[in-house]
Each structure stands twice: as C-alpha cells, then as structure tokens.
Amino acid sequence: MTVQILPERFKTEDQRALVADLGAVLERAPLFVPRMPRSGKPFSVRMTNCGPLGWVSDIDGYRYQPHHPETGAPWPEIPQRLLDLWHEVAGVPVGPEACLVNLYGPGTKLGLHQDRDERTFEAPVVSVSLGDTAVFRIGGTTRKAATRSMRLASGDVIVFGGDDRLAYHGIDRILSGSSSLLPEGGRINLTLRRVTPF
DNA sequence: TAGTAACG
DNA sequence: AAAC
C-alpha cells in the first residue's frame, strides 16, 4: 500500500490560512463547470486551478493548459504553504506544476477515475481535504479491482505514490454540515501534481 | 468510464 | 430510503 494517509496534517489554524489563500486564488481564477468529453454532460463538482498548468475537461477532452478556460488568464500561483507541503511529502526534487481546486456542495459526487493525464507518473499526487467530510472510494489500478470506502476529514492529506499513483478513486458523498471551516459550507479538495517529466 | 439511469 |  503506497497510498499514504496523513490524518489532520493541517490543524485548524493552518486550514483557515489555506482557506484565505484560496480566496485569493478564486478571485483571479473563478470556478468553472467542467464537462464530459464527447457528451458535454456537466460535472457536479466545480473547479479551478493554480500553478503553471491547470487541469480542464470539456467536450474536446481532458487536458492541462496554462490558462483559464473562460477568462483566458494565466492561473494564479500555487500558495507557498502548499508548495511547502509538497516538498515535505512528495519525495521528488522538483515542484508541482498544477494544483486542481475542486469545490463540492451537498449532493456533489465524482465518479471513480484515475489521475492519468500527466506526462509523468514519477511524482506522487498529493491531495488536501478542507471543510465537510467526504465519503471517499479507492480501488486498484484496474476498474475491476475491489474498492473500499473511507472518510476524508478537513485537514487530512493523502499521497498517491508508487504502485498506487494510478489507483482508481472517487467521491461517493459529502457529509453536509460536518465542518464549519468554509463559510458557505461544502468541501474543497486540492490536488497537487507534477505534469511534465523531470 | 472525472457522466447518468435503472434495477435488485 | 440510501448505499452500493
């Protein structure tokens, strides 16, 4: 098992500081609704990004690009405390290039998927949970592999590395009202990724 | 197949 | 009815 869980890696004070950092990101890079390739069906999660590259999905497919799909502006910088986290836990001599910001409200789900649009899988994916607890599902590296459910609470960090870098995972449900961290409620997930080889 | 719906 |  190379999925590493760091429970409550961020205490309340640092979680609040992260939320403030994200407020600045959201001002410059508004949330957008991703859509499924081909069908154009909308996701229930809303997204934005920070970093040199951002992950987007629309009718043309999944990809990383350097600009916001609606404003055309470059993504804002990744907040320093997230860069610090990466350098502490990722175990690679380079920084992350993308930080996907996912906002989950009540009823938001994200189906089982792999993070596989990067051009390198050498670096792990580092994920931070903030706000309401999520019912998270994780499986193996094939769709048929058994899955298990676990809860992710505010401040928890997961590192997907090694054999589990390509593990299928998703969000079954958000436990609304389980945290008071976010003024509007809901959950934010931050996903730090290296996109290009190093 | 990062989506949905129907079924048991 | 919700979860799977």
Side-chain angles (χ1 to χ4, degrees), chain A residues 3 5 22 25-26 29-51 53-70 75 78 82 96-121 123-153 156-161 163-178 185-196:
Chain A
V3 171
I5 317 278
L22 290 170
V25 167
L26 291 171
L31 293 165
F32 61 93
V33 177
R35 292 182 175 273
M36 289 296 288
R38 295 179 290 283
S39 72
K41 287 190 175 177
F43 289 33
S44 56
V45 66
R46 290 188 295 159
M47 297 183 169
T48 190
N49 291 271
C50 49
L53 292 171
W55 188 85
V56 302
S57 178
D58 61 23
I59 202 158
D60 297 324
Y62 307 142
R63 64 192 175 278
Y64 283 93
Q65 63 181 44
H67 57 272
H68 191 285
E70 293 174 357
W75 304 107
I78 298 176
L82 291 173
E97 295 170 299
C99 176
L100 177 62
V101 179
N102 282 169
L103 177 66
Y104 297 80
T108 300
K109 293 179 281 186
L110 192 61
L112 210 62
H113 68 278
Q114 291 175 300
D115 291 9
R116 63 172 192 196
D117 301 316
E118 301 72 34
R119 287 166 48 202
T120 178
F121 301 132
V125 170
V126 177
S127 163
V128 181
S129 294
L130 293 170
D132 285 343
T133 296
V135 181
F136 177 72
R137 180 163 298 279
I138 183 161
T141 52
T142 63
R143 277 208 181 266
K144 57 169 43 176
T147 63
R148 66 195 171 94
S149 176
M150 58 183 298
R151 289 180 179 202
L152 295 179
D156 292 352
V157 168
I158 300 195
V159 183
F160 296 86
D163 293 340
D164 288 329
R165 170 61 182 77
L166 291 170
Y168 277 87
H169 59 281
I171 296 293
D172 287 345
R173 192 159 79 93
I174 299 297
L175 304 182
S176 283
S178 53
R187 171 179 188 257
I188 292 175
N189 183 70
L190 307 171
T191 313
L192 295 159
R193 302 164 178 158
R194 180 75 197 184
V195 178
T196 63

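Using a 4.0 Å heavy-atom distance criterion, A:I171 is classed as making no nucleic acid contact. Nucleic acid contact for A:D172: sugar-phosphate only, since backbone atoms but no base atoms lie under 4.0 Å from a heavy atom of the residue. Using a 4.0 Å heavy-atom cutoff across all strands shown, A:N189 reaches no nucleic acid atom at all. Nucleic acid contact class of A:R38 (heavy atoms, under 4.0 Å, all strands): sugar-phosphate only. Contacts of A:R35 with the nucleic acid, taken as non-hydrogen atoms under 4.0 Å apart, are absent.
Remark: P of B:dA2 and CG of A:L100 are 14 Å apart, rounded to the nearest angstrom. Computed from coordinates, the A:Y168 OH to B:dT1 C1' distance equals 7 Å when rounded to whole Å. Put simply, CG on A:D115 is 10 Å from P on B:dA2, counting in whole angstrom units. Rounded to a whole Å, the CZ atom of A:R148 is 17 Å from the C1' atom of C:dC4. The distance from atom CG of A:N49 to atom P of B:dA2 is 17 Å, rounded to the nearest whole Å. Separating the OH atom of A:Y104 from the P atom of B:dG3 is a distance of 9 Å, rounded to the nearest angstrom. If you measure from atom CZ of A:R137 to atom P of B:dT1, you get 20 Å, rounded to the nearest angstrom. As rounded to whole Å, 5 Å separates atom C1' of B:dA2 from atom NE2 of A:H113.
For A:R173, a side-chain nitrogen or oxygen approaches OP1 or OP2 of C:dA3 to under 4.0 Å.
Checking A:D163 against A:T141 by side-chain atom types alone, no donor-acceptor pair falls below 3.5 Å. Counting only N and O atoms by type, the side chains of A:T147 and A:R137 include a donor and acceptor under 3.5 Å apart.
The aromatic ring centroids of A:W75 and A:H68 lie less than 6.0 Å from each other.
Remark: side-chain polar atoms of A:D58 are not paired, donor with acceptor, to backbone N or O of A:R35 under 3.5 angstrom.
Between A:R119 and A:E97, none of the side-chain N atoms (NZ, or NE/NH1/NH2) sits under 4.0 Å from a carboxylate O, so this pair counts as no salt bridge.
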